[in-house]
Amino acid sequence: TGVLQMEPHVNTYPAFGWMVKNQVLRNSTFTSSRSQANNGSNAYFFEVKTAKYCAIYNNTFNFTATHSNSGYLAFMHFYLSKYNNVNDNTFNLVDNSTTTGTKIAFSLRDSSHYNQMFRNTWNISGSPTRPTHIYASNDGGSYNADGLGTGLVGDNHWNGNIIRNSIATAVPFYWQAGAWRDTVQFNIIAASG
């Protein structure tokens, strides 16, 4: 296994970490309550960028956001990442931000393929100005891989997850770019909106 690097994101907002290849993050608790002023940049709590064959399992993520920036807010964001396992985690996400951009509880973006999300629990709450969603496919970019076309996300597997979203206007589980050969089985989704 490799080393989990804790470093700032390119937009100057510190992310918890970037995973690269064959890394394991397990049996840990991450707690962060952060606020970002309106400087136009995006805010990331945890980004997994260009990662392959990584495992994130049996962790607890307690994240609270009170941002007022004009970019988008991502609690956990996968970007150009493939063959990763996100299993048996608990995500307690409280969004009290006034961010005007997209709000992301969990996201697979830009040619993220063959990832599995098994038996996770998402508890999403708060009073944001815009709804916070899980993006099973978050479109964007021009990276072409695996014959799915430019920037598309697909061939991911969602099984046995529990998603609770008490933000009234949120869509709890959302494909922005459409579903491309995803498998979705035995999940429980509860929404108040």
Side-chain angles (χ1 to χ4, degrees), residues 9-11 13-19 25 30 32 34 36 41-52 54 56 59 61 63-65 67 69 71-87 89-95 97 99-118 120-126 128 130-143 145 148 150-159 161-165 167 169-184 187 189 191:
H9 184 266
V10 293
N11 280 339
Y13 188 80
F16 255 122
W18 291 358
M19 302 183 79
L25 179 62
F30 297 90
S32 180
R34 296 185 176 178
Q36 182 177 4
S41 65
N42 299 322
Y44 303 87
F45 276 78
F46 195 109
E47 183 176 45
V48 180
K49 185 175 182 180
T50 62
K52 291 184 180 178
C54 293
I56 300 173
N59 300 289
F61 298 91
F63 294 155
T64 302
H67 298 73
N69 62 310
Y72 67 80
L73 165 66
F75 285 105
M76 182 169 275
H77 182 67
F78 280 71
Y79 180 76
L80 301 172
S81 296
K82 302 175 187 174
Y83 305 104
N84 300 294
N85 296 327
V86 182
N87 301 335
N89 298 287
T90 299
F91 300 90
N92 299 309
L93 310 177
V94 180
D95 187 358
S97 67
T99 302
T100 57
T102 301
K103 309 295 271 319
I104 299 166
F106 184 90
S107 170
L108 298 173
R109 184 180 169 111
D110 292 69
S111 297
S112 290
H113 305 136
Y114 314 112
N115 299 291
Q116 71 173 29
M117 285 62 60
F118 287 3
N120 299 289
T121 299
W122 279 274
N123 299 305
I124 306 165
S125 63
R130 291 175 56 90
T132 307
H133 313 294
I134 288 180
Y135 284 80
S137 68
N138 185 352
D139 196 14
S142 58
Y143 189 80
L148 283 174
T150 302
L152 296 177
V153 174
D155 291 307
N156 296 298
H157 194 166
W158 300 79
N159 192 307
N161 299 289
I162 298 171
I163 300 168
R164 297 182 188 103
N165 195 330
I167 297 172
T169 57
V171 177
F173 195 74
Y174 177 56
W175 282 270
Q176 182 183 21
W180 296 88
R181 300 189 302 251
D182 282 353
T183 301
V184 181
N187 299 281
I189 300 175

So, do [X] and [Y] sit near enough that their side-chain heavy atoms are less than 4.5 Å apart?
| X | Y | result |
| --- | --- | --- |
| Phe78 | Val153 | no |
| Leu108 | Met117 | yes |
| Val86 | Val48 | no |
| Phe75 | Phe91 | no |
| Leu25 | Asn59 | yes |
| Asn87 | Gln116 | yes |

Sequence-distant partners of [X], side-chain contact (heavy atoms from CB on, under 4.5 Å), two or more places apart:
| X | value |
| --- | --- |
| Pro172 | Ile163, Asn165, Ile189, Ala191 |
| Thr64 | Ser33, Val94 |
| Thr183 | His157, Gln185 |
| Asn123 | Thr90, Asn92, Thr121, Arg164 |

Can you tell me how far the [atom1] atom of [X] sits from the [atom2] atom of [Y], to the nearest 0.5 Å?
| X | Y | atom1 | atom2 | value |
| --- | --- | --- | --- | --- |
| Leu93 | Trp122 | CG | CH2 | 9.5 Å |
| Ile162 | Asn120 | CD1 | CG | 10.0 Å |
| His113 | Arg181 | NE2 | CZ | 8.0 Å |

Donor-acceptor under 3.5 Å ([X] side chain, [Y] main chain):
| X | Y | value |
| --- | --- | --- |
| Asn89 | Ile56 | yes |
| Asp155 | Tyr114 | no |
| Asn156 | Asp182 | no |
| Asp95 | Lys103 | no |
| Ser81 | Ala51 | yes |
| Arg130 | Gly101 | yes |
| Asp110 | Tyr79 | no |
| Asn84 | Cys54 | yes |

For [X] and [Y], work out which heavy atoms get closest and say how close.
| X | Y | value |
| --- | --- | --- |
| Ala105 | Ile124 | CB-CD1, 3.6 Å |
| Leu80 | Ser112 | N-OG, 3.3 Å |
| His77 | Ser107 | ND1-OG, 3.5 Å |
| Tyr72 | Thr102 | CB-O, 2.9 Å |

Can you name the ring pair (Phe, Tyr, Trp, His ring centres under 6.0 Å) partners of Trp158, sequence neighbours left out? Phe106, Phe173
Just jot down the ring pair (Phe, Tyr, Trp, His ring centres under 6.0 Å) partners of His133, sequence neighbours excluded, or say none. Tyr135, Tyr174
